[in-house]
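Report on one structure; see the data block that follows.
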There are 2 protein chains.
Amino acid sequence: MPTPDPACCPAFSTHVMSEATATELADLFAGLADPTRLRLLSLIVAEEEVCSCNLEEPLGRSQPTISHHTRILADLGLIIGERRGRWVYWRADRARIASVQSALQLDEQVNQR
Amino acid sequence: MPTPDPACCPAFSTHVMSEATATELADLFAGLADPTRLRLLSLIVAEEEVCSCNLEEPLGRSQPTISHHTRILADLGLIIGERRGRWVYWRADRARIASVQSALQLDEQVNQR
DNA sequence: AGTATAAATCGATGATTGTCAATATGAAAA
DNA sequence: TTTTCATATTGACAATCATCGATTTATACT
């Protein structure tokens, strides 16, 4: 009778999320990994559209900081800005936000691409 | 006839996610905002349980780095580790992961707590 | 007890990030 | 064309973080 396998666990073949997919997803989560940005997003999601000038006061951040955060969310496609005159109006891309949700089905993201 | 309101937009009362909720959620997203951690999580989610010793090779990271990442995911409650002998076996807390998903219903997170 | 080994912790380093003051850009109003 | 003002960009700084080599802790085997 052979000695039992001392290995910690049986051999198994696991599928790992690809580097590319992981990096892409991580960038999205990083965009959501800031309290100010989440509050900003919640503020925009709650309305049909919100003017930039109405963001600074409820968030308690300076104008450059707000601009910084809106840019990050916009670059990720989570919000969309439209300039009308001197003001920029922001609205949420709800489909895009929902797609981040479904990205959390991690077992279905495996080995794609 | 009075001059039209020069304001950028009509007055509105918006609900913003609370600081506390935002910080809590941001911590969770920060945990997911790293490619190595996402691949690690996908690897664990794909199996019933995975031994630590089977994580280093597919992820191409050193043992201290893997330990660092499992700790972060475990502290967030996304994975659960169980020591059996010399080895630690990890499994995903799927309910916890699903709760992060539902946290993305940002409009329902408003003003809670 | 002594050895082997799996995982955790420590210490250091290079990189990224949130923030704001100062400045620039761009569009409307006078 | 000047002036005004909403937004964007720049530069700087403190803080956080991913990573790994070295070491420690803890468990099992002899």
Side-chain angles (χ1 to χ4, degrees), chain A residues 3-9 19 22-23 25-41 43-44 49-76 79-91, chain B residues 3-9 19 22-23 25-41 43-44 49-76 79-91:
Chain A
T3 56
D5 190 349
C8 53
C9 41
E19 291 261 7
T23 300
L25 239 187
D27 285 344
L28 270 172
F29 284 129
L32 297 170
D34 179 82
T36 301
R37 221 138 53 214
L38 281 178
R39 300 182 74 220
L40 169 52
L41 188 56
L43 211 149
I44 295 175
E49 70 177 9
V50 182
C51 173
S52 279
C53 58
N54 281 325
L55 296 174
E56 303 176 27
E57 188 252 330
L59 296 179
R61 289 290 180 279
S62 71
Q63 179 269 321
T65 298
I66 297 295
S67 179
H68 169 72
H69 287 307
T70 50
R71 183 187 225 289
I72 288 175
L73 291 177
D75 284 349
L76 291 171
I79 62 176
I80 297 162
E82 186 190 349
R83 182 156 209 142
R84 292 206 296 273
R86 281 194 285 212
W87 293 278
V88 175
Y89 295 86
W90 297 98
R91 57 193 167 80
Chain B
T3 56
D5 190 351
C8 55
C9 40
E19 290 263 6
T23 299
L25 239 186
D27 285 344
L28 269 173
F29 285 129
L32 297 170
D34 179 83
T36 300
R37 222 138 53 213
L38 281 178
R39 301 182 74 219
L40 170 52
L41 188 56
L43 212 150
I44 295 175
E49 71 177 8
V50 183
C51 173
S52 279
C53 59
N54 281 326
L55 296 175
E56 301 176 28
E57 188 252 331
L59 296 179
R61 290 290 181 279
S62 71
Q63 179 267 321
T65 298
I66 298 293
S67 178
H68 170 70
H69 288 306
T70 50
R71 182 186 225 290
I72 289 175
L73 292 176
D75 284 350
L76 291 171
I79 62 175
I80 298 161
E82 184 190 350
R83 182 155 208 144
R84 292 208 295 273
R86 281 193 285 211
W87 293 277
V88 174
Y89 295 85
W90 298 98
R91 56 193 168 80

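Numbers restart at 1 for each chain; the letters A, B, ... are given by sequence-line order, proteins then strands.
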I need the [atom1]-[atom2] distance between [X] and [N], as an integer number of Å.
X       : N      : atom1 : atom2 : value
A/Leu32 : C/dT17 : CG    : P     : 14 Å
B/Asp27 : D/dC17 : CG    : P     : 9 Å
A/Phe29 : C/dT16 : CZ    : P     : 21 Å
A/Glu82 : C/dA27 : CD    : P     : 14 Å
B/Asp34 : C/dA15 : CG    : P     : 17 Å
B/Arg84 : C/dT5  : CZ    : P     : 21 Å
A/Arg39 : C/dG18 : CZ    : C1'   : 15 Å
B/Arg61 : D/dC17 : CZ    : C1'   : 14 Å

Atom [atom1] in [X], atom [atom2] in [Y]: separation rounded to 0.5 Å?
X       : Y       : atom1 : atom2 : value
B/Leu73 : B/Leu38 : CG    : CG    : 8.5 Å
A/Thr65 : A/Leu40 : OG1   : CG    : 11.5 Å
B/Ser67 : B/Glu56 : OG    : CD    : 9.5 Å
A/Leu32 : A/Leu41 : CG    : CG    : 6.5 Å

(message) Would the distance check show the side chain of B/Arg37 and the main-chain N or O of B/Ala30 forming a donor-acceptor pair, the cut-off being under 3.5 Å?
(response)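 Checked: pair present.
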(request) Give a yes/no on whether any side-chain N or O of A/His69 is located under 4.0 angstrom from OP1 or OP2 of C/dT19. (result)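 Yes, because at least one side-chain N or O of A/His69 sits under 4.0 Å from OP1 or OP2 of C/dT19.
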(request) Indicate whether OP1 or OP2 belonging to D/dT19 is found under 4.0 Å from a side-chain N or O atom of B/Thr36. (result)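 Yes, because at least one side-chain N or O of B/Thr36 sits under 4.0 Å from OP1 or OP2 of D/dT19.
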(request) May I ask you to say what B/Arg37 touches in the nucleic acid, namely base, sugar-phosphate or nothing, with a heavy-atom cut-off under 4.0 Å? (result)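 The residue B/Arg37 makes sugar-phosphate contact but no base contact.
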(message) Just to verify, what does A/Arg86 make a salt bridge (Lys or Arg N to Asp or Glu O under 4.0 Å) with, not counting sequence neighbours?
(response)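 If we apply the salt bridge (Lys or Arg N to Asp or Glu O under 4.0 Å) test to A/Arg86, skipping adjacent residues, there are no hits.
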(request) Going 5' to 3' through nucleotides 4-14 of chain D, assign each nucleotide B (protein heavy atom under 4.0 Å from a base atom), S (under 4.0 Å only from sugar-phosphate atoms) or - (no protein heavy atom that close). (result) BSSBBB-----
(request) Answer with yes or no whether the side chains of A/Ser52 and A/Trp90 bring together a donor and an acceptor at under 3.5 Å. (result)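 The answer is yes; a qualifying pair exists.
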